[in-house]
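Scroll down for the structure; my scribbles are underneath it.
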Protein chains: 2
Amino acid sequence: MMEIFYRRSKEHGLKITPQRTAIYQELLKAKDHPTADVIYKRIVKKIPNISFDTVNRTLLTFSKIGITNVVEGYGQPKRYDPDIAVHHHFRCLQCNTIIDFHSKDYDSMAVPDEIKKQFTVINKKVVLEGLCNKCRRR
Amino acid sequence: MMEIFYRRSKEHGLKITPQRTAIYQELLKAKDHPTADVIYKRIVKKIPNISFDTVNRTLLTFSKIGITNVVEGYGQPKRYDPDIAVHHHFRCLQCNTIIDFHSKDYDSMAVPDEIKKQFTVINKKVVLEGLCNKCRRR
DNA sequence: AACTATATAGGAATTATTCCTATTTGTCAA
DNA sequence: TTGACAAATAGGAATAATTCCTATATAGTT
Ligand SMILES: [Mn+2]
Ligand SMILES: [Mn+2]
Ligand SMILES: [Zn+2]
Ligand SMILES: [Zn+2]
């Protein structure tokens, strides 16, 4: 999995720094679609003098070169996703938990011609929202 | 269209104030999924001493009682939508234009059982991203 | 080993959102 | 109609999230 990190970084002329490597690895491990701040708090235990700005900037850079993603949401802190394969999300409106799921049916849905004609569609995802089982029985 | 505004406000014990009425009408007119700040700037021409906080708070309240929506996005300022009917969005990654579109096929897609079992799904939407024609030829 | 363009740390600045509170006002019931 | 009062507003302050600034450090190259 580090393969893509090295390759894409090279392709975009980005230097491989200990900070970038650590940030990428930390995000790879994450299953919770964490915010920049959460990643920072996890990583600062290993690299005590890393700055928040570096973490934040790096996560944005990663998303720009396509090795991570920003999860669609409703404002507030951005949440990052190390999984760049096609997949979809369920989001709990109460506790903001984001759950991955996969669906062949969703993936294969055609983009309406109306849109295809006017725009260049780069990606397509389904967002489900509602309540997780913890929040349902509140 | 004001009907739903009065009815839902009553249902939720919200007072009908000139500010709320103006904010709702202003958003109804909007075709651009505006931010709270944009709505504020439009409305302050008519109600010069309205405060930004009132606009912001009111838009959040409206979304909470379901007479407007927050558009899914990638952080930054929240964007509001007066259209509460089921529809989907195309978003330009360059200029952040958000375009509505409708699709019977998308609307009728089933939620995977895996998700249905675990969660209460309240809504489902498709997000398309890419470049609008203005940004394509940059 | 030296060079240099890029990256980082740390703090400041900016932007977005929310909070605080004195005052005003919509609603309801008398 | 009028008075009572819970709710809403204005205006400013506070907080949260993100981005900018710049002196110093460093990865990648020669
Ligand atoms: Mn995901
Ligand atoms: Mn819309
Ligand atoms: Zn939940
Ligand atoms: Zn565009």
Rounding to an integer number of Å, can you tell me how far B/Gln19 CD sits from C/dT24 P? 14 Å

With hydrogens left out and only the distance checked, is there a donor-acceptor pair under 3.5 Å joining B/Lys15's side chain and the base of D/dA6? yes

Return whichever of A/Ile47 or B/Lys10 has its heavy-atom-nearest nucleotide of DNA chain C closer to the 5' end. A/Ile47

Round to a whole Å and report the spacing from CD1 of A/Ile23 to P of C/dA7. 12 Å

Identify which nucleotide among C/dG26, D/dT9, D/dG28 has an atom closest to any side-chain atom of A/Ile16, counting heavy atoms from C-beta outward. D/dG28

May I have the distance from A/Leu14 (atom CG) to D/dT26 (atom P), rounded to whole angstrom? 19 Å

Donor-acceptor check, side chain of A/His88 to backbone of A/Val127, threshold 3.5 angstrom: yes or no? no

Under the salt bridge (charged side-chain N to carboxylate O under 4.0 Å, His left out) rule, what pairs show up with a residue in residues 36-65 of chain A, not counting sequence neighbours? A/Glu26-A/Lys46, A/Asp32-A/Arg42, A/Asp37-A/Lys41, A/Asp53-A/Arg57

Could you state the OH-P distance from A/Tyr24 to C/dA7, rounded to the nearest angstrom? 18 Å

Hey, which sits more toward the 5' end of DNA chain D by its nearest nucleotide, A/Thr17 or B/Arg20? B/Arg20

What integer distance in Å separates A/Tyr80:OH from D/dT18:C1'? 9 Å

Would you kindly give the CD1-to-C1' distance between A/Ile39 and D/dA17, to the nearest whole Å? 16 Å

Main chain of A/Leu14, side chain of A/Arg20: is a donor-acceptor contact present, judged purely on distance under 3.5 Å? no

Quick one: does A/Asp83's side chain have a donor or acceptor within less than 3.5 Å of a partner on A/Ala85's backbone? yes

Do B/Thr120 and A/Arg136 meet the criterion of a side-chain donor-acceptor pair at a distance under 3.5 Å? yes

For the pair made of CD in A/Glu11 and P in D/dG28, what is the distance, rounded to whole Å? 15 Å

Note: contacts of residues 48-68 of chain B with DNA chain D (heavy atom, under 4.0 Å) are B/Asn49, B/Ile50, B/Ser51, B/Asp53, B/Thr54, B/Arg57

Whole angstrom value for the distance that separates P of C/dA16 from OH of B/Tyr40: 15 Å

Determine the interplanar angle of the B/His33 and B/His89 rings, folded into 0 to 90°, and report it as parallel if under 30°, tilted if 30 to 60°, perpendicular if over 60°. perpendicular

Decide yes or no on ring pair (Phe, Tyr, Trp, His ring centres under 6.0 Å) for A/Tyr24 and A/Phe62, but give the supporting numbers first. CA-CA 8 Å; A/Tyr24 185 69; A/Phe62 286 169; 5.7 Å; yes

